[in-house]
Number of protein chains: 2
Amino acid sequence: MNVIRPFTNTLERLRAANLRPTRQRLALAKMLFENGDRHVTAEMLHCETQNKGIRVSLATIYNTLHQFTRAGLLREIVVDAQRCYFDTNTSDHHHFYHEQTGQLEDMQLSADMIAAIPTPPGDAKVKQVDIIVRINN
Amino acid sequence: MNVIRPFTNTLERLRAANLRPTRQRLALAKMLFENGDRHVTAEMLHCETQNKGIRVSLATIYNTLHQFTRAGLLREIVVDAQRCYFDTNTSDHHHFYHEQTGQLEDMQLSADMIAAIPTPPGDAKVKQVDIIVRINN
DNA sequence: GTGTTTGCAAAGTGTTTGCAATTTA
DNA sequence: TAAATTGCAAACACTTTGCAAACAC
């Protein structure tokens, strides 16, 4: 069997998304996609790059996160008015939100459950279903 | 049968919530609670007061909306990072969000469906379940 | 070389806060 | 009169933007 080579993989991912693999994008993509599923904010990623000694401006991180989201590599999760996460797991799933710690945790729902969600009014199309279970303690 | 007298009703609502019925709170409460279910932003309410010639500062509107929410008279709905609605319907229900128009619409889910939501990890308690179906077109 | 991407600083948005003046009970 | 509430302006947190310099192809 083939061994997955992370670097090439990440590089290909960017190319496939039509995003030039610049130093900044590659660094961010590696941090995001080569460490399992992650829930990150722009600020968190920025700290992470600084700790690693990688120079990427916060503006570039915001831009990059949105480019990745547009390309379908990330999913944006709005938790409250001033905390917006990006999730590297773009498959169908939902979240627990720990109000105390600000942490997000994946939550799986059965397919039946999703299927039971009402159809939208008129001829509108469902773009995304966001379910956030806010928990305490 | 008793005729419901809206003014008294609204006044009582404030008293019951331990909020002094000031001119500003009464005006806002009447706009919010005497016109059926509403989804409003602070900005929308502010415009509304100005159109009616009622003087209430935006800061007071924010403070009042949060006081009402704390008192259980309103429910806060975070739709995206820069659009936060307050819903006068505090009963168990969810929302369609029209991405094009920015409008919220109530959505009912069966009790079974809600019951099927996984229990939170550890001994955490569910504080609120927010379901937003984002729709297009 | 050409078009894309970056970083900076500045602007923007929506919200909260400190505090003196006002209002309520 | 004492305590709560208000309005203003300033502060805030987070995000986006304009543009010149740097970079990828």
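Letters A, B, ... are given to chains in the order of the sequence lines, protein chains preceding strands, and every chain is numbered from 1. Fair warning: this is a prediction, and the values are worked out from it, not measured in the lab.
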Student: How many whole angstroms separate atom CG of A/L26 from atom P of C/dT5?
Tutor: 13 Å
Student: Under 3.5 Å for both donor-acceptor distances, Watson-Crick or wobble: does D/dA24 have a partner, and if so which one?
Tutor: C/dT2
Student: For A/N89 and A/H39, which I'm curious about, is there any donor-acceptor pair between the side chains at under 3.5 Å?
Tutor: no
Student: With nearest nucleotide decided by heavy atoms, which residue, B/Y62 or A/R55, maps closer to the 5′ end of DNA chain C?
Tutor: A/R55
Student: Do any N or O atoms from the side chain of A/R20 and from the backbone of A/R25 form a donor-acceptor pair under 3.5 angstrom?
Tutor: no
Student: Can you check the B/Q82 CD to C/dT16 P distance for me, whole Å?
Tutor: 14 Å
Student: Tell me the interatomic distance from A/N63, atom CG, to C/dT4, atom P, rounded to whole angstroms.
Tutor: 15 Å
Student: Under 4.0 Å between a Lys/Arg side-chain N and an Asp/Glu carboxylate O for A/R75 and A/D130?
Tutor: yes
Student: Can you tell me how far P of C/dT6 sits from CG of A/L65, to the nearest Å?
Tutor: 12 Å
Student: Rounding to a whole Å, what distance do you find between B/L28:CG and D/dT6:P?
Tutor: 9 Å
Student: In whole Å, I'd like the distance from the CD atom of A/E43 to the P atom of D/dA13.
Tutor: 11 Å
Student: May I ask you to say what B/R83 touches in the nucleic acid, namely base, sugar-phosphate or nothing, with a heavy-atom cut-off under 4.0 Å?
Tutor: nothing
Student: Please confirm whether the shortest side-chain N or O distance from A/S57 to OP1 or OP2 of C/dG7 is below 4.0 Å.
Tutor: yes
Student: Does any nucleotide pair with D/dG18 by Watson-Crick or G-U wobble geometry, both distances under 3.5 Å, and what is it?
Tutor: C/dC8
Student: D/dA3 pairs with which nucleotide, Watson-Crick or G-U wobble, both distances below 3.5 Å?
Tutor: C/dT23
Student: Polar atoms only, N or O, under 3.5 Å: list the protein pairs with nucleotides 22-25 of chain C and their distances.
Tutor:
| from | atom 1 | to | atom 2 | distance (Å) |
| --- | --- | --- | --- | --- |
| C/dT24 | O2 | B/R20 | NH1 | 3.1 |

Student: Rounded to whole angstrom units, what separation is found between the CD1 atom of B/I54 and the C1' atom of D/dT6?
Tutor: 15 Å
Student: What is the distance from CG of A/L11 to C1' of D/dC25, rounded to the nearest Å?
Tutor: 13 Å
Student: Does B/H66 place a side-chain N or O at less than 4.0 Å from the phosphate oxygens OP1/OP2 of C/dT15?
Tutor: no
Student: Would you call B/E34 and B/R13 a salt bridge, taking side-chain N to carboxylate O under 4.0 Å as the test?
Tutor: no
Student: Please report the interatomic distance CD1(B/I61) to CZ(B/F68), rounded to the nearest 0.5 Å.
Tutor: 10.5 Å
Student: Whether the side chain of A/R23 engages the backbone of A/R55 through a donor-acceptor N/O pair (distance < 3.5 Å, no angle test) should be reported.
Tutor: yes
Student: Taking NZ, NE, NH1 and NH2 as the nitrogens, is one of them in B/R38 or B/E48 under 4.0 Å from a carboxylate oxygen of the other?
Tutor: yes
Student: Could you say whether B/A81 or B/A59 is positioned toward the 5' end of DNA chain D, judged by the nucleotide with the nearest heavy atom to each?
Tutor: B/A59
